Every structure is written in C-alpha cells, then in structure tokens.
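The shown structure was predicted, so the numbers you read here are calculated from the model rather than taken from an experiment. Counting begins at 1 with the first residue of the sequence.
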Amino acid sequence: MGLIDALKKAFSKPYKTVSVAEAKELLASRAVLIDVRSAQEWRSGHAPQAKHLPLDRLQTGAPGLQKDRPVVAMCQSGVRSASAARLLAGQGYEAYSLRGGIGAWRQAGEPVR
C-alpha cells in the first residue's frame, strides 16, 4: 500500500452522512433511527420512530441495537450524530449520520412529537 492509499484510509470516514430524504429511504428498508441528544433535548421534540440513546451511553456499547440493521444517528445539528456514527461504525455497525439533525428533519416537514 502506498503512502497516499494509507493516508486515504487513515482519514476516511467509517460512516456516511445522509440527507433527510436518504435517511427516510434507509428507515423504509429496516434501518433504525437513534437520537443521541440529551434527555432534555429529547423531551423538547423528537422523531416518533427514533430510539433515545444519548451519545455518552454509546461510549460503552449500543444497547438494544442489532448489528444486522443499519443505524441512522440524529442530534441537534449533525455534530454529535457524526461522533455517534463513528463510534457505531467502530463497533461493527453500518452507521449513518443525519446531516442537519432535528432541524433539518423539521424543515423537511417530517413529524416531531
């Protein structure tokens, strides 16, 4: 492996960032949506189908998630969900981060409860 290939591998993301539309397609084909925000943020409104798994809980594992199903992580703006997706990918999950977080979800007209 050459130096450039090694650098590409070292700096490549082990997860993908997706739009709301792409996330909806993944969810329609068995992916799981997790919300990695705090409990207070969760209570302020979340996607109805999301499972609440705060980012700090993911540091020690992914309780209740199955490795045979893709996981889409959502947060407020997309920063924490990227960290969550990186963690999950490192644990062997097919992981995605929702670009723009719950704000993008709302802006796309998706339900929030």
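Through side-chain heavy atoms spaced under 4.5 Å, either directly or across other Ile, Leu, Val, Met, Phe, Trp or Tyr residues, L98 is tied to V18, V20, L26, L27, L33, V72, M74, Y96, I102, W105, V112.
A donor-acceptor contact shorter than 3.5 Å links the side chain of S29 to the backbone of E25.
Pairing each heavy atom of P48 with each of P111, the nearest pair is CD-O, 3.3 Å.
Scored by the side-chain contact (heavy atoms from CB on, under 4.5 Å) test, Q66 finds D68, R69 as partners (sequence neighbours excluded). Partners of Q91 under the side chain to side chain donor-acceptor pair (under 3.5 Å) rule, at least two apart in sequence or in another chain, do not exist in this structure. Under the side-chain contact (heavy atoms from CB on, under 4.5 Å) criterion, A85 pairs with Y15, A95, S97, not counting sequence neighbours.
Within the structure, the salt bridge (charged side-chain N to carboxylate O under 4.0 Å, His left out) test picks out the following pairs touching residues 37-56 (sequence neighbours left out): D35-R37, E41-R80. Evaluation of the salt bridge (charged side-chain N to carboxylate O under 4.0 Å, His left out) test over residues 90-113, restricted to residues two or more places apart or in two chains, returns K24-E110.
Note that CG of L55 and SG of C75 are 8.5 Å apart. Values are rounded to the nearest 0.5 Å.
Taking a 6.0 Å sphere around CD of Q107, one finds it holds 12 or fewer heavy atoms contributed by other residues, nucleotides or ligands.
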